[in-house]
Amino acid sequence: MTGKNMSELVDQLAEKRSTMEAGGGEVRLDKQRAQGKKTARERLDTFLDEGSFQEVGLFRKNRTVTFGMDKADPPADGVVTGAGTVHGRPVNVASQDFTVMGGSAGEVHSVKVVAMMEAALTSGNPFVFINDSGGARVQEGIDSLSGYGQVFYANVKLSGVVPQLSLICGPCAGGAAYAPALTDFIIQTRKANMFITGPSVIKQVTGEDVTQEELGGPDAHMVKSGVIHFVTNDDDEAILVAQKLLSFLPQNNSEDPPIVDPDMDVSPDESIRDIVPLEATKAYDVRDVIAKIVDRGDFLEVQAQYSMNIVVGFARVCGRTVGIVANQPSVMAGVLDINASDKASRFIRFCNSFNIPIVTLVDVPGFLPGVAQEHGGIIRHGAKMLFAYSAATVPLITVVIRKAYGGAYLAMAARDLGADVCFAWPTAEIAVMGAEGAAAVVFAREIKEADDPDAKRAEMIESYRDTFSTPFMAASRGLIDDIIDPADTRRKVAFALEQLAGKRKQRPPKKHGVFPS
């Protein structure tokens, strides 16, 4: 440095920084934009509060010299890492740069990501990873695989401690796809694909001819595989979803979610009475009920197009974050099946990990019958619901709207599985099975011997319903705390949340339970 003054050194630093921040160069950056995608740094600029980003590891370099890597010198090693704020709350981030060697992950690339994950663990901040990568950097061989392993290990360390979000904004192939799968929520844009084995290999091995979109596009993963949680049209929309999602969540598992813009109006809303038909066989959209209960009708649904017979998502009641779990009578009558059980139980466990009370709305005819369900493991999958609710220590508030039959009644946060408060509407039917099926079993001889079997069947069905299927029977056994006017549901839920805000529940000391597989 002899003969140089500070101004010259600062100028040299600025030039070097500008070169590194340019990624793969203007030609590649422009190509990225021409595809309707933001660059790695543009995504962070949009996601984080203006001027809040503090980059870490800009000048990190890989040590590989084989296959031309000694000349490649990829800027920032293809990933931008650091920390910033979202709506004033700290968050740690990593954003892969596809303009630098296709965003491929080498040793240093992964080490930088892991460093931000470890920093998130230390500081108690959420971690957000924006994926746009061609996969492992083949020039680095086993070192790139080692890097992936370190990322996966860090994902598991962070799990249940700080929220982890993945944005899939470009390719995410091979082993790289497992990192998002280990995070809490995945947001995929319509310009992105995610798969373990690409179409060409599948064609070679199995003979199946499939496009990238059919194999790993957002519709495939939302509707069929259930891998992802949100689908967006582009990067901007994905960032908005991530920002909104974070607004519902605490920074970490030692904090409660923030109280945001409370709507304190809990006056009776008689319009909710008109949503649910009295006839148990008629459908309605449970999201219309949810909208009447939560603040300003604002509900962020999770996995909206997957296993649509159950609805899960986040909302607020008087400013407090709640997780909503609700049967959807307009799809498969709201029955619980394998996929619905997986979807709901995972959401319940996330809410429990991060101190989010759960409001469960029940209108369920049972578990889905059939050979395919039995052979597919409905017993072990359904058991996940029982396990998730039974293990939960957050406030649990249950509202039985209409049907609540058999084991599915228990699986939807019944009092016996730990619900703190249980309400029922006058339309609630809580029983081992529907009155029609029960009457056919209990009164089989009377119906068979009657002069008019059809009339006798109708009489016995009504008798069973009046005796066992009313909410008053459950209330008399202490399984329901109160039978309420539907118009008062929001007020009742809000009051219960307030009363349960300080809930503390100790569990027997153990490493962890063994979740049904």
Any idea which heavy atoms bring [X] and [Y] closest together, and the distance?
| X | Y | answer |
| --- | --- | --- |
| M101 | R28 | N-NH1, 4.3 Å |
| A242 | F47 | CB-CE1, 4.0 Å |
| R190 | P218 | CA-CG, 3.7 Å |
| G323 | I356 | N-CG2, 3.5 Å |
| F314 | F299 | O-CD1, 3.4 Å |
| C318 | I259 | O-CG2, 4.3 Å |

Using only heavy-atom distances, determine whether the side chains of [X] and [Y] contain a donor-acceptor pair under 3.5 Å.
| X | Y | answer |
| --- | --- | --- |
| T360 | T398 | no |
| Q32 | D132 | yes |
| E213 | T211 | no |
| S247 | R316 | yes |
| Q328 | D285 | yes |
| S225 | Y306 | no |
| Q96 | H109 | yes |
| D337 | N309 | yes |

**Message:** What I'd like to find out is whether the side chain of M412 reaches to under 4.5 Å of the side chain of L336, using heavy atoms alone.
**Reply:** yes
Looking at [X], I'd like to know if its [atom1] atom is crowded, meaning that more than 12 non-hydrogen atoms belonging to other residues, nucleotides or ligands lie closer than 6.0 Å.
| X | atom1 | result |
| --- | --- | --- |
| Q35 | CD | yes |
| Y153 | OH | no |
| I379 | CD1 | no |
| K503 | NZ | yes |
| F59 | CZ | yes |
| K31 | NZ | no |

Would a distance-only check, ignoring hydrogens and angles, find a side-chain to backbone donor-acceptor pair under 3.5 Å from [X] to [Y]?
| X | Y | answer |
| --- | --- | --- |
| S159 | N155 | no |
| R346 | D184 | yes |
| T122 | E118 | yes |
| Y148 | A136 | yes |
| D295 | G319 | yes |
| Q188 | A192 | yes |
| R349 | A388 | no |
| S52 | T85 | yes |
| T99 | G24 | yes |
| K343 | I310 | yes |

**Request:** Could you walk me through whether F185 and F347 pass ring-ring contact (aromatic ring centres under 6.0 Å, His included), step by step?
**Result:** CA-CA 10 Å; F185 296 101; F347 181 77; 7.3 Å; no
**Request:** Using side chain to side chain contact (heavy atoms under 4.5 Å, CB included) as the criterion, point out the one residue from L165, L300, I186 that pairs with F230.
**Result:** L300
With rounding to the nearest 0.5 angstrom, report the [atom1] to [atom2] distance, [X] to [Y].
| X | Y | atom1 | atom2 | value |
| --- | --- | --- | --- | --- |
| R89 | L246 | CZ | CG | 7.0 Å |
| T321 | N355 | OG1 | CG | 11.0 Å |
| E255 | L249 | CD | CG | 11.5 Å |
| C169 | I130 | SG | CD1 | 6.0 Å |
| I324 | I358 | CD1 | CD1 | 10.0 Å |
| M194 | I168 | CE | CD1 | 5.0 Å |

**Item:** Cationic N near anionic O, under 4.0 Å, E301 to R287
**Value:** yes
**Message:** Any carboxylate oxygen within less than 4.0 angstrom of a Lys/Arg side-chain nitrogen, looking at D235 and R43?
**Reply:** yes
May I have the list of side-chain donor-acceptor pairs in residues 504-513 shorter than 3.5 Å, sequence neighbours left out?
| residue | atom | partner | partner atom | Å |
| --- | --- | --- | --- | --- |
| R507 | NH1 | S390 | O | 3.2 |
| R507 | NH2 | S390 | O | 2.6 |
| R507 | NH2 | A392 | O | 3.1 |

**salt bridge (charged side-chain N to carboxylate O under 4.0 Å, His left out) partners of D234, counting only residues at least two apart** = none
**Asked** Under the salt bridge (charged side-chain N to carboxylate O under 4.0 Å, His left out) test, which residues partner E8, sequence neighbours left out?
**Response** none
